[in-house]
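Letters A, B, ... mirror the listed sequences (proteins, then strands); counts begin at 1. Below, all heavy atoms of this structure are taken into account, side chains as well, without hydrogens, waters or symmetry copies. All of these numbers come straight from a predicted model, not from anything done at the bench.
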Amino acid sequence: MSQTVTKKLMLFFPRCECEKPIIYHLVKDHNLVVNVYRAKVTPEEEGYLVLDVTGTEEDIERAMAFVKTFNVSINYTGKGVTVDMDRCTHCGHCITYCPTEALYIADEATREVAFSERDCIECLACIRVCPFGACASAF
Amino acid sequence: MKTYEQINDRIESGKAVVLTAEEIIDYVEKKGLAAAAKEVDVVTTATFGPMCSSGCVLNFGHSKPKIRMSEAWVEDVLVYTGLAAVDVYLGATQLRHGDPANMYHPGEFRYGGGHVIEDLVAGKTLQLFALSYGTDCYPLREIRTYFTIDDLNQAIMVNPRNCYQNYNVAVNDSDKTIYTYMGPLEPDRKNANYCSAGQLSPLLNDPYYETIGVGTRVWLAGTHGHVYAEGTQHAGGGERTPDGVPKDGAGTLALTGDMKQMRPEFVRGVTLRGYGVSLALGIGIPIPLLNEEILKRTCVRDRDILAPVIDYSTNYPQNTGKVISYVNYEQLRSGRIELEGREVAVGSLSSYHKALEIAHLLADEIRRGDFRLAEPIAPLPKDTTTKPLVIREKAS
Ligand code: SF4
Ligand code: SF4
């Protein structure tokens, strides 16, 4: 069996596709391990899912082909949460609230704060606590 | 021993030796106090953080016909008009008109006075709306117009209290999250927040106010301002360590400077969820090394500075004065402190990173000869304490 990989995805649902059990099929038919960070699935409205999928490259490819048949658009960049470093003052206020150390002190000497997108689980805590409006969410 | 004049002469000739309050520590350790006192002329200190008692006086100039503003709003943020016709005072913590505040707790407080000040300095176009009752000399009763800071005759920052010498560390001893001006505090002391530049902070490097006084020239958000008075709640007479470092808020400074010359990255609106809005400012203050004693005090390190840990669920609001314990800034900066046997995660509201940047910017300006030191015209009091507000049943 080939190696498994993890990909971060954003799926945008048009109004009519929200009721379909897409996640169920990703797990059942395509052997993917799914970790959902954020979801908005309100009937009669557009929705989105931000998730990690883990599986073989082939399984993920097949699964995405399946997802596309529902008229769902897929965004691989996974930038659900962004930190605007021009607005960040490096105060470090967000750090104790971030559960994964995605926001961290990158340099002890200068106390510079950095953001590791890879480690962000989109809990949105930093957006609520940053006093300087540096953190934002795509949704 | 050096005088202000001698130091200023060296600055003028581009020969002044300037180090930051961080650099001086190692320098003195290497060279010794006496040699360092001879060689180094100035130590630069700095801080960047929320300073609620800040604001500015704006003069709009006169419209045709003229108006005597009796109520006015800039970007829907109320400004104080109890001054002359077109002078207003804009305060950092003023909420925007219609902000639901904490009606839906915790309130978001996305925009307010501090943000208007940030936008002004950033050169944005802002809306002025003003009303008047009309007089014979000022007949206009309503005005709505758009302006930038360049259209104003004056935009002068006048901050009654900046640069707290030291500050509390806030924790929450209750069983629910509380939202304070020190940020959200999770139940059962799950986190702690502090707000000071520690060893870089201006008044911690001059604990007895020997060089910082009324009239001292300061670096205020990129321009040159000065100390115009002791800050409100200035209380130099509190408890100190044997080295003279205050163990509580202690001294404060009232600062002023021309906003037209400020740099936007050092004037930043602040949002504190569940609490309100404020303004964060970058301030740098040079300390002339007049003698060895003054130099010695600038060598203060994070580990020598103690901050009181205070419960913000009961003891702070009820003004009990109870201190859980004291921790030093080295411990705070490590991100963890121990309180009564338990580890607590620590965050900050003040940016050491920006403070360091400011200390270097100011040092460069002095080295280039662009920043001269000003000798204070009056000292800050060393022996005062703050008085409480007594709630009296009736006038006696
Ligand atoms: S709280 Fe905001 S400004 Fe402060 S370090 Fe975090 S992202 Fe930067
Ligand atoms: S969204 Fe959550 S996990 Fe991501 S950086 Fe912000 S606090 Fe950390």
Side-chain angles (χ1 to χ4, degrees), chain A residues 37-40 42 45 47-48 50 79-139, chain B residues 22 48-50 106 108-111 114-115 118 177 179 181-186 190-195 197-198 200 264-282 302 332-337 344-357 360:
Chain A
Y37 297 135
R38 277 205 273 169
K40 179 173 170 251
T42 314
E45 274 179 44
Y48 61 79
V50 181
K79 277 195 187 156
V81 168
T82 51
V83 181
D84 181 345
M85 279 304 164
D86 287 340
R87 293 199 63 75
C88 175
T89 66
H90 306 274
C91 64
H93 187 57
C94 50
I95 289 173
T96 51
Y97 304 94
C98 176
T100 63
E101 293 179 27
L103 284 155
Y104 62 102
I105 305 270
D107 182 341
E108 271 302 324
T110 66
R111 310 290 302 175
E112 186 177 339
V113 172
F115 172 56
S116 159
E117 199 193 302
R118 196 170 45 90
D119 296 320
C120 174
I121 57 163
E122 310 214 350
C123 72
L124 310 185
C126 56
I127 296 171
R128 288 190 291 266
V129 303
C130 175
F132 298 98
C135 308
S137 164
F139 316 108
Chain B
E22 202 185 78
F48 178 95
E108 290 195 15
F109 302 104
R110 290 206 192 162
Y111 192 88
H115 301 88
E118 171 180 336
T177 300
Y179 297 86
Y181 69 85
M182 295 293 280
L185 297 169
E186 291 170 46
K190 206 162 154 266
N191 67 324
N193 283 325
Y194 70 99
C195 187
L200 267 186
E265 64 266 44
F266 299 109
V267 185
R268 298 289 304 278
V270 168
T271 289
L272 293 159
R273 194 173 159 81
Y275 177 76
V277 295
S278 186
L279 181 72
L281 281 175
D302 278 340
L332 289 166
R333 265 189 241 298
S334 77
R336 314 227 141 244
I337 51 170
V344 183
V346 184
S348 160
L349 271 163
S350 157
S351 170
Y352 192 85
H353 181 83
K354 277 227 183 274
L356 203 57
E357 183 187 348
H360 282 290

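Contact record, V113(A) with I105(A): CG2-CD1, 4.3 Å, taken as the closest heavy-atom pair. Closest heavy-atom contact between F132(A) and C91(A): CE1-SG, 4.1 Å. Looking at every heavy atom in both residues, G80(A) comes nearest to R38(A) through O-NH2, 3.5 Å.
Here the SG-CG distance, from C98(A) to L124(A), works out to 11.0 Å after rounding to the nearest 0.5 Å.
Taking chain A as the reference chain and counting heavy-atom pairs below 4.5 Å, the highest number among G347(B), A345(B), P184(B) is found for P184(B).
Both the backbone and the side chain of L349(B) come within contact range of chain A, with heavy atoms under 4.5 Å apart. For a residue to count as touching a neighbouring chain, one of its non-hydrogen atoms must lie under 4.5 Å from one of that chain's; by this rule V346(B) touches chain A with the backbone only.
Qualifying ring-ring contact (aromatic ring centres under 6.0 Å, His included) partners for F48(B), counting only residues two or more places apart in sequence or in other chains: none. Residues forming a side chain to side chain contact (heavy atoms under 4.5 Å, CB included) with C120(A) (at least two apart in sequence, or on another chain): V81(A), A102(A), F115(A), E122(A).
Applying the salt bridge (Lys or Arg N to Asp or Glu O under 4.0 Å) test to every pair with at least one member in residues 344-353 of chain B, sequence neighbours left out, gives no pairs at all.
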Donor-acceptor table for chain A and chain B, threshold 3.5 Å:
unit_1, atom_1, unit_2, atom_2, d
R87(A), O, R268(B), NH1, 3.1
R87(A), O, R268(B), NH2, 2.7
R87(A), NH1, E118(B), OE2, 3.4
R87(A), NH2, E118(B), OE2, 3.3
T89(A), O, S351(B), OG, 2.5
H90(A), O, S351(B), OG, 3.4
C91(A), O, S348(B), OG, 3.4
H93(A), N, S348(B), O, 3.3
H93(A), ND1, S348(B), O, 3.4
Y97(A), OH, P184(B), O, 2.4
Y97(A), OH, N191(B), ND2, 3.2
Y97(A), OH, N193(B), ND2, 3.1
T110(A), O, H353(B), ND1, 2.8
R111(A), NH1, R333(B), O, 3.2
R111(A), NH2, R333(B), O, 3.1
P131(A), O, T271(B), N, 2.8

